[in-house]
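What follows is one structure encoded as structure tokens, with my remarks underneath.
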Amino acid sequence: MAKLKRDTDVKDEMYTRVKKVYGVFILVALLVVVRLVWVSALSSETAYNAGRLERRIFIADSVYSRRGSILARDGEPLATSILRYRVDFDMASDGFDSLALFREQADSLAKLLSKFFGDRPASEYRRRMIEEHDKHYRVVYRKDTTVLRSEGFFARIWDMLRRDEFKTVKLYDTLRDHRPVAILPRAVDYNEWQTLRKYPILNWNMGMTYNLVTLDQRVYPYSELARRTLGLVGDKGNYGIEAIYREQLEGRNGRMIRQRIAPGFSSVVHSSENIDAEDGMDIVTTLDADIQHIADQALRRQLTAQKAIWGTSMVMEVATGDILAIANLGETAERSGVYVEKENYALSRRMEPGSTFKLAALLALVEDCDMPVETKYDTHHGRAVRVGGKRGPLIQDSHDIGGEIDLKEAVAQSSNVYFAEAVYDHYKDDPERYVKFLQHLGLDRTVGLDGMGEAAPLIPEYGTKQWSGHTLPNMGYGYAVELPPIHMLTLYNAVANGGCMVAPRIIREVRRGNHVVEEFPTQVIVDKICSGSSLDIVRECLEETARTGTAKAYFRDTVSLRVAAKTGTAKFAQSGIRYSDGYYLGSMVTYFPADDPKYTVMTAVFTRRGRGTTVYGAGLAGPVQRDIVNYIFYRDEEWHQTVTPSDEEHYPARVKGGNIAEVRRVADKFSPRVSFTDRNGWGVTHVDSLCNVDIRTIEADRTTMPDVVGMGLKDAIYLLESRGLRVRSSGKGRVRTQSIRAGTAVRAGQTVTITLK
């Protein structure tokens, strides 16, 4: 019984133990299940670890959008972006640990880079690479006494008794500076990189030794042309079209998922998380690259010749208000006589315009006051006269115009006295009326280019602190008001446009590819600045200025093109500068053709007395205006006569006289019949109604005056000087008149004047 009981106790004990073990297993299983449920359903640990793993395997790279272009009106790029590549070397990378191999490869790469870029010898490239490698990869040795000297218990006891328990060893640290180093002299384009990537080190033959950085670089194909208008974004400034349309030009960056394959290598993964980059939109301007180039050249040439401080020149299309050219050149502070696009003077420089403002006074007099053109005022022969009573300003003209003159001559000769007296006489009882008329012309507000930096105009308000006894007469001839040059251009363009004042337009549309996203139509500022009859008077006065007035020197010889113009000269006093300091703004505004205007041109030049040969508007701005007008006229084929094909024979109605042999050679080619008495010598020609040419020989008598009428200048001068005469000539073409009649006795040294036309 005792044995049976003992066996039973053993079994019970074993059973109890098994139950305990079984309970432990169940408990562990439950814990595992709970843990699995917790990890998979409730805890964020799994997602966290999965994210960590995914981030180590997959990389999200940014795909940069390409900045949109700024285009000329014909689609030519004025500012565009191209992708370039910059190589940032890691001189501390593991691939450069073998110094012998590095120096060998650096030597080969240096020779190839020197040949490719041609900017420095190969030795300089090699020296730079080795020098940078020495800076960024260093092995520093040091002594360490913390290492146990002996092994074993008894040996260590013995070392302790000798006080020599630790031994000194020489260790080293490798210091790596992974900051990028630029070895290549510049960023390269795609085609250049395809060549460079085959060179040693750049072809990864030493491992991952550099990082290739993609750059979106802004390029200006026309260099400095209109750069101040095109603008800039970044650390150096934010202005112009680049800044105003930054959002449209920038586009939207994308994202690309890449999977790591090996250290330094990865491949693109097709994923729904990939986002394509959206390139920026293009901005289409109204600028004409050819006209802009001519305006820039003409202005630069004149500023250099006059040693001026700055200048601006603009071309506007009459009907649309499109700005075809806007050149702004200022003298650099570093080098005198060197001009760059440093400020948008056309928009930002608010100054007293001077005599170009007389157009506003002219409109007020003929439209608001119904003053007849025949109205005369005494200009006092260029002497100073006080206008507006005893306390009025002292005003005088720049030259002697005469005594009493009418309105037309006052405009043509740009009389300050006339306009000061006329405006004061008609508005002295109600000065506010004059201000309101100027406001009617839109001269008290901007023309819509505020974002481009347009300065707000200043028109004094009657009854305020800005108004004094001098204000009204001064406003008659362009003082006491301050306007940017763009305002004068807009006002004159309104006269050319039949009285409709349109706002200057620089941006035509925003588009993506060939799709127009946004269009900017022509904006009207004032529907009608004056009546048709007043407009006719104003136009006639401006045409007279170009024909016989202050602008005649630049347009009077233009036969095929009639223009209308106005010059202006203003002394400058602002920001601590007094009128007596000798600063001047010279300007001229022109529209053409006068009978059917297509273009309006304005040039303003700022200078100081003594820098150049003149300070007057005609001399400063006239040459620029003439060059721009001539270029546009000769470029536009619509203004030139064309030859209509016909089977009918045509012959010249005139043939120049001269050397008989040369005249015969020409006349035989182009005339139906040529008759002559001598084959050589000098002769004059006569062409009858049938275009037959008769060459009449000139007598060889050196004591008589020959008949040179009908000859060219070269032949006439040779013939006259061969007889000992002094010759003066004027005009172009063929000789029309000679001061000494043919057949008159002459003597050596006598002077004869010939006129050509």
Side-chain angles (χ1 to χ4, degrees), residues 73 225-226 286-303 305-306 311-329 346 355-356 359 411-412 414 485-486 488-497 504 538-568 586-605 616-641 732:
R73 66 186 320 195
L225 288 185
T286 61
L287 298 176
D288 185 305
D290 292 335
I291 298 178
Q292 178 72 38
H293 177 67
I294 294 300
D296 183 275
Q297 275 193 329
L299 181 62
R300 191 181 300 274
R301 187 164 51 245
Q302 181 66 357
L303 292 178
Q306 293 294 332
T312 180
S313 193
M314 297 170 283
V315 181
M316 178 185 263
E317 194 173 59
V318 170
T320 62
D322 287 356
I323 300 296
L324 306 183
I326 177 168
N328 296 282
L329 298 176
S355 295
T356 52
L359 173 60
V411 176
S414 195
I486 189 71
M488 286 292 93
L489 177 70
T490 305
L491 179 60
Y492 279 81
N493 192 77
V495 173
N497 197 31
V538 171
R539 281 187 166 184
E540 186 179 349
C541 291
L542 296 177
E543 289 178 39
E544 189 66 24
T545 304
R547 187 166 49 247
T548 64
T550 54
K552 67 180 180 181
Y554 304 98
F555 301 111
R556 65 183 173 189
D557 294 331
T558 304
V559 178
S560 304
L561 180 68
R562 288 174 49 236
V563 304
K566 184 70 188 76
T567 62
S587 58
M588 180 185 290
V589 191
T590 305
Y591 64 79
F592 65 98
D595 49 351
D596 185 20
K598 302 291 185 185
Y599 304 98
T600 306
V601 184
M602 179 178 185
T603 298
V605 176
Y616 294 105
L620 288 174
V624 183
Q625 295 286 101
R626 177 194 57 207
D627 292 348
I628 296 174
V629 170
N630 285 342
Y631 172 79
I632 296 175
F633 173 71
Y634 289 116
R635 188 184 77 156
D636 198 327
E637 297 179 356
E638 295 181 1
W639 291 338
H640 305 290
Q641 296 179 353
K732 300 176 183 179

### Query
Is a side-chain N or O of Y554 found less than 3.5 angstrom from the main chain of A621, in a donor-acceptor match?
no
### Query
Do D627 and R301 touch side chain to side chain, with heavy atoms closer than 4.5 Å?
yes
### Task
Output yes when a side-chain donor or acceptor of S587 lies under 3.5 Å from a complementary backbone atom of T603, and no otherwise.
no
### Message
Could you tell me if the side chain of T490 sits less than 4.5 Å from the side chain of M316, heavy atoms only?
### Response
yes
### N/O donor-acceptor pair under 3.5 Å between D296 side chain and A226 backbone
no
### Query
Does the side chain of S355 come under 3.5 Å of the side chain of S414 through a donor N or O and an acceptor N or O?
yes
### Task
Using distance alone, with no hydrogens and no angle criterion, decide if T600 and N493 have a side-chain donor and acceptor under 3.5 Å apart.
yes
### Message
Using modelled atom types and a 3.5 Å cut-off, is there a donor and acceptor pairing between side-chain atoms of R539 and backbone atoms of V495?
### Response
yes
### Task
Using modelled atom types only, decide if a donor and an acceptor are shared between the side chain of Q625 and the backbone of S313 within a distance under 3.5 Å.
no
### Query
Atom CG of D322 and atom OH of Y599: how far apart are they, to the nearest 0.5 Å?
10.5 Å
### Query
Is the closest basic N to carboxylate O distance between D636 and K598 below 4.0 Å?
no
### Query
Between atom CG of L287 and atom CD1 of I323, what is the distance when rounded to the nearest 0.5 Å?
8.5 Å
### Message
Do I291 and R73 make a side-chain contact, defined as non-hydrogen atoms from C-beta onward lying under 4.5 Å apart?
### Response
no
### Task
Give a yes or no answer on whether the side chain of D288 reaches the backbone of D290 with a donor-acceptor pair at less than 3.5 Å.
yes
